[in-house]
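All values derive from a computational prediction rather than experimental measurement.
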Amino acid sequence: TTKASPTTSAPTTVTTKVPPTTKSPAKPTTEPGSIPPIQICEKEANNCRCTTIGGKYRMDLTALSNRADTVPRFIRIVPNNASSPYPINFAWNPCFSYTVMTNDTINSCTVEKDVAVCQNRSIEQELNPPGFINIGRQDSANFTYRIETEEVYLTYKDGDEGSSSQIRLICNPDIKNDESVLTYMREDPNEKRYYFELTSPTA
């Protein structure tokens, strides 16, 4: 008799199911230059004061302003380290509009035009048009509070040629009101917006 050869069975393949990998949600990031969440600082009876929701902060610029129809509180503002004479300079008066006294044909920096921020193009004759240009009206004043950075901004809109101005308010309790400084920072020509910073004890 012939003995049957032992049968060699095929190796068994065991398949193990790997559970799907669950990715942890990405942590939110703030892109450089992005605007943090903001809340409105409620404007009070005039264009000088506002209070944030909950009353955490209260801004009052009244002490910095000159009364209506007088010389603006901040005049001949140019960029830091600018050569003199600089072709353009700026003026601003919190709270009240004013009238620039000039013989220039173009002058929209007047009480009638409700000017808050004024641009003086008169020095540079090549600019078209030269003159005094309203780049923000008093009645458009809007305060905003950026929560993440705890910064307050004052924005004026409805200026000539669709222009606007934004002022970052920086509080320095170690200086006096008459030591307050307004600094011109830059212009965004696409948005026709001008950026400033105010350092004062009341901002």
Measure across [X] and [Y] and return the closest heavy-atom pair with its distance rounded to 0.1 Å.
X	Y	answer
Ile75	Val71	CG2-CG1, 4.2 Å
Asn47	Cys95	ND2-O, 3.9 Å
Ala141	Leu154	CB-CD1, 4.0 Å
Pro94	Gln138	C-NE2, 4.1 Å

Under 4.5 Å between any side-chain heavy atoms of [X] and [Y], yes or no?
X	Y	answer
Asn66	Pro72	no
Ile135	Tyr156	no
Leu61	Thr202	yes
Arg121	Ile133	yes
Val78	Asn89	yes
Phe196	Phe90	yes

*Can a salt bridge be assigned to the pair Asp139 and Arg137 using a cut-off of 4.0 Å between side-chain N and carboxylate O?*
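Yes.
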_Quick check against the 3.5 Å criterion: does Asn120 have a side-chain atom that pairs as donor or acceptor with the backbone of Ala91?_
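Such a contact is absent between Asn120 side chain and Ala91 backbone.
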*When you measure from the side chain of Lys113 to the backbone N and O of Asn134, does any donor-acceptor pair fall under 3.5 Å?*
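No: the side chain of Lys113 does not pair with the backbone of Asn134.
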Straight-line distance of [X] [atom1] to [Y] [atom2], nearest 0.5 Å:
X	Y	atom1	atom2	result
Thr183	Ile170	OG1	CD1	8.0 Å
Ile88	Gln119	CD1	CD	4.5 Å
Phe74	Ser65	CZ	OG	9.5 Å
Leu64	Ser200	CG	OG	4.5 Å
Leu182	Asn93	CG	CG	11.0 Å
Leu198	Cys171	CG	SG	10.0 Å

*Could you label the plane-to-plane angle of the Tyr184 and Tyr194 rings as parallel, tilted or perpendicular, counting under 30° as parallel and over 60° as perpendicular?*
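Judged by the thresholds at 30° and 60°, the geometry between Tyr184 and Tyr194 is tilted.
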*Quick one: list whatever passes side chain to side chain donor-acceptor pair (under 3.5 Å) with Arg73, sequence neighbours left out.*
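Listed in chain order: nothing, the list is empty.
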*Return each pair, listed once, that meets salt bridge (Lys or Arg N to Asp or Glu O under 4.0 Å) where at least one residue sits in residues 193-203; pairs must be two or more places apart or across chains.*
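Pairs touching residues 193-203 that pass the test: Arg168-Glu197.
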_CD (Glu191) with more than 12 external heavy atoms under 6.0 Å_ =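 At most 12 heavy atoms, drawn from other residues, nucleotides or ligands, come within 6.0 Å of this atom.
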*Start with the C-alpha gap between Tyr98 and Cys118, add the side-chain angles, then the distance that decides, and say whether side chain to side chain contact (heavy atoms under 4.5 Å, CB included) holds.*
CA-CA 10 Å; Tyr98 52 92; Cys118 178; 3.4 Å; yes
*Does the side chain of Asp158 come under 3.5 Å of the side chain of Ser140 through a donor N or O and an acceptor N or O?*
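No pair is found: no donor N or O on one side chain lies under 3.5 Å from an acceptor on the other.
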